[in-house]
Each structure stands twice: as C-alpha cells, then as structure tokens.
Amino acid sequence: MALLVAEQQVAGLGANDLRFTPQEIRDLIETNFFGVQNVIREVLPLMRPRKKGKIINIASMLSFQGGILVPSYTASKSGVAGLTRLMAN
C-alpha cells in the first residue's frame, strides 16, 4: 500500500449537544476519531516494510477554528488533526 486517504464522518449532533445522550456522542467520536485511527493501525504494517507511503487524514477546519455549534464533532475532528500532527513527527 502506497497511499491511504482516511476520512470518517458522522455529523448532525447539531447546535446543542446537551440534547443528545452520552452514547450518541460516544458513537460520533468512535466513528470520527477512532475510525481513522483504526484504519491507520491496519495500514501501517503494510507500509513499514516498504519504508514509504503516504497517509492523508481529513479532519475539519473546525479543528483549528473551534465549533461552538457542534462541540462533539469539533472535538472528534480535533483528535484527528492531533493524531495527524503526531504521526508527522
């Protein structure tokens, strides 16, 4: 494998996350953050022996700007941005 483009997204928890159950918020974070992390974990062992490959993670501009209307979505995509920065080092 030479290239992985990872983008997982569940949106829609909307303006007030307090209306949603903790499980709904966990499900969003499970998909948006852990979905990307799990795909990377599966692909890295295929890239390492070749000592090359590219991973492109798609987060959100809200990762950098903040998203007061969608805090759980923003938190999950901020996790993806942080994971990306970590892997780049």
Quiz item: Would a distance-only check, ignoring hydrogens and angles, find a side-chain to backbone donor-acceptor pair under 3.5 Å from E24 to T21?
Solution: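 Yes; judged by distance alone, with no hydrogens or angles, the pair exists.
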
Quiz item: Who are the side chain to side chain donor-acceptor pair (under 3.5 Å) partners of R85, not counting sequence neighbours?
Solution: none

Quiz item: Quick one: side chain to side chain donor-acceptor pair (under 3.5 Å) partners of T84, sequence neighbours excluded?
Solution: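 Per chain and number, T84 pairs via side chain to side chain donor-acceptor pair (under 3.5 Å) with N57.
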
Quiz item: When rounded to the nearest 0.5 angstrom, what is the spacing between OG in S76 and CD1 in I29?
Solution: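 S76 OG to I29 CD1: 6.0 Å, rounded to 0.5 Å.
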
Practice problem: Working to the nearest 0.5 Å, report the span between CG of D27 and OG of S72. | Solution: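 Here the rounded value is 11.0 Å.
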
Work out which heavy atom in [X] is nearest to a heavy atom in [Y]; give both atom names and the distance.
X	Y	answer
P49	P45	CD-O, 3.0 Å
A81	A59	N-CB, 4.2 Å
M47	K54	CE-O, 3.4 Å

Quiz item: Looking at side-chain heavy atoms only, is the closest gap between I55 and I40 below 4.5 Å?
Solution: yes

Quiz item: Mind checking whether R26 and Q23 have side chains closer than 4.5 Å, heavy atoms only?
Solution: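 Side chain of R26 against side chain of Q23, heavy atoms only: contact under 4.5 Å found.
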
Exercise. List for me each residue that meets side-chain contact (heavy atoms from CB on, under 4.5 Å) alongside Q37, sequence neighbours excluded, and say none if there are none.
Key: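 For Q37, the residues satisfying side-chain contact (heavy atoms from CB on, under 4.5 Å) (neighbours in sequence not counted) are F33, F34, R41, L83.
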
Quiz item: Under the side-chain contact (heavy atoms from CB on, under 4.5 Å) test, which residues partner S60, sequence neighbours left out?
Solution: L62, S63, Y73, K77

